Each structure stands twice: as C-alpha cells, then as structure tokens.
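Working notes, structure below.
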Amino acid sequence: MAHWWTGYPWRVIQPNFREIDTKDFNEEAFLRSLKDFSCNAVMLNAAGLIASYPTELSDHSRSAYLDGFDLGRLVEHCHENGIKVIARTDFSKIPVAVYERHPDWAYRKPDGEPLIYNGTVQTCLSGGYQGGYTDEILKEMFRKIPFDGIYCNMGTATGVIVDYSMNRHGPCQCEACRRAFKARYGMDVPVELSRTDRASMVYFRFMQELSGAQKKRITALLREINPELAYCSVDYVRQESNSEFGRELPHWQYQASSNARAIRGMGQEADVANVDFMGFAYRHVAVDPALQELRLWQTLSNFGGLDYYVMGRLYDKEDRSAYPRVQKVFRYAAEHEEFCYGVSSKADTLLVREAYVIPNPEERGWIRALTESHILFDETLSGGLAKIDLGKYRTIILPEKQRLAPAALEKLMAWVQQGGTLLASGAWAPCCVWTMPGGAFSWWARATGRGTMRKASKSLAIF
C-alpha cells in the first residue's frame, strides 16, 4: 500500500519560528498566508530544544510563550485546509538547566568542557538524550498532536560540530564516545579530523554507525506509533539550496536542480528547500528574489518538491521581498500538478556524486557542462549505485571518485562489459581496473594521480 508521501506533489512552507513567535500568534492570518502560497504542507516547530506544546516531561523545556497558542489546534486547522503538517524537531541541543541535571548528555570539547552557545548545550549521539530520551519526547508529541511526519534539524552526524557563529569543533570527547570508540576499534578518539589520518577515517565510520543505529531505532519507533508518519531521510529527503555570507565565490548556480536530481536518483521523495535568508548570522534578510525564483524553477523542472524556508511568521515577516516570485512558482505547480509531479526521467546519462552537500569542483564541472550542452542526465550518490537499475543508461560518469563499495564496483563493471560507457575523471581518475578470478572487480587509485589501467572493455575511458 502506498503511503501518503509517495508521489505527493510537495509544496512546503517552512516558517522556522523563534520562541517569541508564538506570542500573540494570529492563527487566521497564518492560515491565510499559507493559502497565499498555494502550499499543501507546512513544517511547524514542535519539540526538542524547546517544546511548542504543553509537555509533561520534566526534561523537555516548555516554551514560555504558549499563552493563546495551541499547536494541536493549529495542526487540525491545517488539515481542514488540505495541508499536511511536518513536526520540526531539534535534538542537537538542550537548555543549560537540563544539562545541569544530566551532564552525561552533553558533547565534550578536548578540555572536557561542554559546548555552550547562547544558553544551549550541544548534545552527543552517545549520550542518554539522543540515545533514548528523545524517544520519550516523540511518543508524547505524537500522542498529543496529529502530525503527518517529522524532520529532525541538525540530525546528520559528521563528527564536526559547527555553531551559529560558524566556529568548527571536532570529535566529541565525552566518556561514552571515548569508551565506545576504544572498545570497537582499539583507538583513541582523534582530537582533530583529517582526510589523511587513519584514526580520523575510522572515526567517520564510527559516526556513520552511530547515526545509522539511531535512524534505525527512531524508524522502528515511528512505525510503531503510526505507519503513516513520514520520517525525513528515510521516507523523504530534505536538502537545502542556500547561500552563506562569506562563502567562496563563484556561488554554485545549479544547486537546486542538482539536489532534486540526486535525491530522485536515490529513489527518494525530494524536498528541495529554497532558503530565503543569507546565512546563519543573517537569518532575517532575504537573498535576491530572482535567485530564489531560479532555485524553485530548477527544482520543479527536475521534478523535485518545492519548499520555501523562512524565519518567523509569514504574515508579519519584515523582509517579504521574495514573496511574489515564490508565490508565482508555487501557484504554477499547483495549477499543473499533472505534469509537474509523478513523472520519470528519460535520461540515458548518469552522473555519480559523492554526497548530498554541494558537489566538489569536478562534479560541478560535469553538471555545468552537461546542463549547458542541453544533455539530459540523472544524478545519484555513490551509495546508491548498488541499488538502482543501470540498464537504462548508455553513459555513466564518475568524477573525482576515491573509492567505491565492492558491490557498486562489481555492478558497474558488469554494466561496462555489457556495452556501457564509463567515464572517470579528475585527479583520482588514473586508476587500475581489472578482472579478478571468479569475476569480482577491484579498483584502486593513487593520490599522485598516476597509475596504470588495463581496460575491462573497450568502453572504459579515463581522463
């Protein structure tokens, strides 16, 4: 049976409320503003750092500005207007008062001190908060409020913490992390991360394992609560097309279209968020309206779900300069659902990206070359190669790939032997491909960019 989100024509509004935005909240004006955008889904702040409803849990801090604001009633009224509601949560931080009761829930810096930012304390995947107390919050939240899904902000574990002043902090040095890492790998947690350091490479794997276990646990919990709860990163994928003050120029002009293609190429429902504001430190100033409209058209033309991410309440937001252009694209998508959604790609070229973040320079070069040459192409991530059907493609491009999983390699080389054209490019492209006894394949490359190649078929090319 298909779930509600399967093939859903996503037109999402994300008004990220400040805590004070529930004070003197005008529900009628808010619902009217959602209709002005022709949206059919909205993301509302709900739980985690601050509870936007009257929580009964002692370590779940209730907002001080809930007088007159009823989140459950607002969700029900959205449903009455045909709008799905996603709960926005953030379990990456807790208030200082909660930390003082549970110091083992916190991330620790190399000197053993917690990371405190504006009265909030960074949490750790290995601690009791993300490791279990969040489950109690989710059970209470979904019991009280009829949400349709959930998004967990700052939910990706990379091993690097970036605070809202853009300061970077390395691996957590809490006792739980150090003990688990030592027991599993016989190594100490590195203080700093490096792409050339073995301990760092192992730590990246460790964080993926922790994150994967957490995702599996929460997925099982949500399925038990209600199988029709859409879980971001499992049932749909949200990626941002954004700006950041001080980001290196030139800015990547195909971010939205590439995000939409990559998510769909992984077989997922694509929620591509156009971020209204300039960056972490400038969250109430909109970027150029023409840029925002471009992002949305790119998303729609690559059959991704529209998403407009703003700070504060829509109806009294100070900088509304992008509203007319954003509303135009949302309105067009609502009026032409029959050919904006539920379609499949006819592309016979596939570009393989490394991750959902902004593509590396080699990947960007190929995306730009293919786009501006008007060549229809799909994108996927390295991790999705083993899962998708390669039979429809005549050409597959591997830009700047240092490593691929054995299952992906075997599938790729079988496809090459059947006549497909494989292109590998970039500093790591000079590589060796050969057939091993029993039909398995291996791939290696040296950082020097030098190596040898024995062609597995006449269709294999590197440059």
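What you see is a predicted model, and the numbers here were worked out from it, not measured in a lab.
The shortest distance between side-chain heavy atoms of Asn45 and Asn16 falls below 4.5 Å. Contact check for Lys84 versus Trp5: no side-chain heavy atoms found under the 4.5 Å cut-off. In this structure the side chain of Val42 reaches within 4.5 angstrom of the side chain of Cys78, judged on heavy atoms. Contact check for Asp276 versus Gln292: side-chain heavy atoms found under the 4.5 Å cut-off. Counting heavy atoms from C-beta on, the side chains of Leu296 and Ser241 never come closer than 4.5 Å.
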Show your reasoning for whether ring pair (Phe, Tyr, Trp, His ring centres under 6.0 Å) applies to Phe181 and Tyr203. CA-CA 8 Å; Phe181 192 68; Tyr203 184 79; 5.7 Å; yes
Between Asn259 and Arg264, is the side chain to side chain donor-acceptor pair (under 3.5 Å) condition met? List the steps. CA-CA 9 Å; Asn259 279 342; Arg264 285 175 53 84; over 6 Å; no
Any chance you could lay out the side chain to side chain contact (heavy atoms under 4.5 Å, CB included) test for Ser258 and Glu379, step after step, and finish with the verdict? CA-CA 7 Å; Ser258 186; Glu379 296 182 44; 2.8 Å; yes
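The six-membered or imidazole ring of Tyr99 lies away from that of Tyr129, with a centre-to-centre distance of 6.0 Å or more. Taking the six-membered ring for Trp and the full ring otherwise, the centers of Tyr133 and Trp105 sit less than 6.0 Å from each other. For Phe25 and Tyr65, the ring centers sit 6.0 Å or farther from each other. Side-chain rings of Tyr236 and Trp10 approach one another, their centers coming within less than 6.0 Å.
For Tyr53, the ring-ring contact (aromatic ring centres under 6.0 Å, His included) criterion is met by His60, not counting sequence neighbours. Remark: Lys144 pairs with Glu56 by the salt bridge (charged side-chain N to carboxylate O under 4.0 Å, His left out) rule, at least two apart or across chains. Residues forming a ring-ring contact (aromatic ring centres under 6.0 Å, His included) with His251 (at least two apart in sequence, or on another chain): none. Partners of Trp252 according to the ring-ring contact (aromatic ring centres under 6.0 Å, His included) rule, which considers only residues two or more places apart in sequence or in another chain, are Tyr254. Remark: Val285 pairs with Met278, Asp319 by the side-chain contact (heavy atoms from CB on, under 4.5 Å) rule, at least two apart or across chains. A search for ring-ring contact (aromatic ring centres under 6.0 Å, His included) contacts involving Phe330 returns nothing, not counting sequence neighbours.
Between the CG atom in Leu291 and the CG atom in Asn274 there is a gap of 7.5 Å [rounded to 0.5 Å]. In this structure, the separation between CG on Leu398 and CG on Leu422 is 4.5 Å, given to the nearest 0.5 Å. Rounded to the nearest 0.5 Å, atoms CG (Asp316) and CZ (Phe30) are 10.5 Å apart. Atoms OG1 and CE, from Thr380 and Met266 in turn, are 5.0 Å apart once rounded to the nearest 0.5 Å. Rounding to the nearest 0.5 Å places NZ of Lys401 at 5.0 Å from OG of Ser382. Separating the CZ atom in Arg353 from the CZ atom in Arg261 is a distance of 8.5 Å, to the nearest 0.5 Å.
Around CZ of Arg143, the count of heavy atoms belonging to other residues, nucleotides or ligands within 6.0 Å exceeds 12. Counting non-hydrogen atoms of other residues, nucleotides and ligands closer than 6.0 Å to CG of Asp67 gives a total of 12 or fewer. By the neighbour-count criterion of 12 heavy atoms within 6.0 Å, atom CZ of Phe245 is sparsely surrounded, having that number or fewer from other residues, nucleotides or ligands. The number of heavy atoms from other shown groups lying within 6.0 Å of CZ (Arg368) does not exceed 12. Around the CZ atom of Arg101, the shell of radius 6.0 Å holds more than 12 heavy atoms that belong to other residues, nucleotides or ligands.
The heavy-atom pair separating Tyr107 from Ile161 by the smallest distance is CE1-CG1, 3.8 Å.
Between the side chains of Gln14 and Asp307, at least one donor N or O sits under 3.5 Å from an acceptor N or O.
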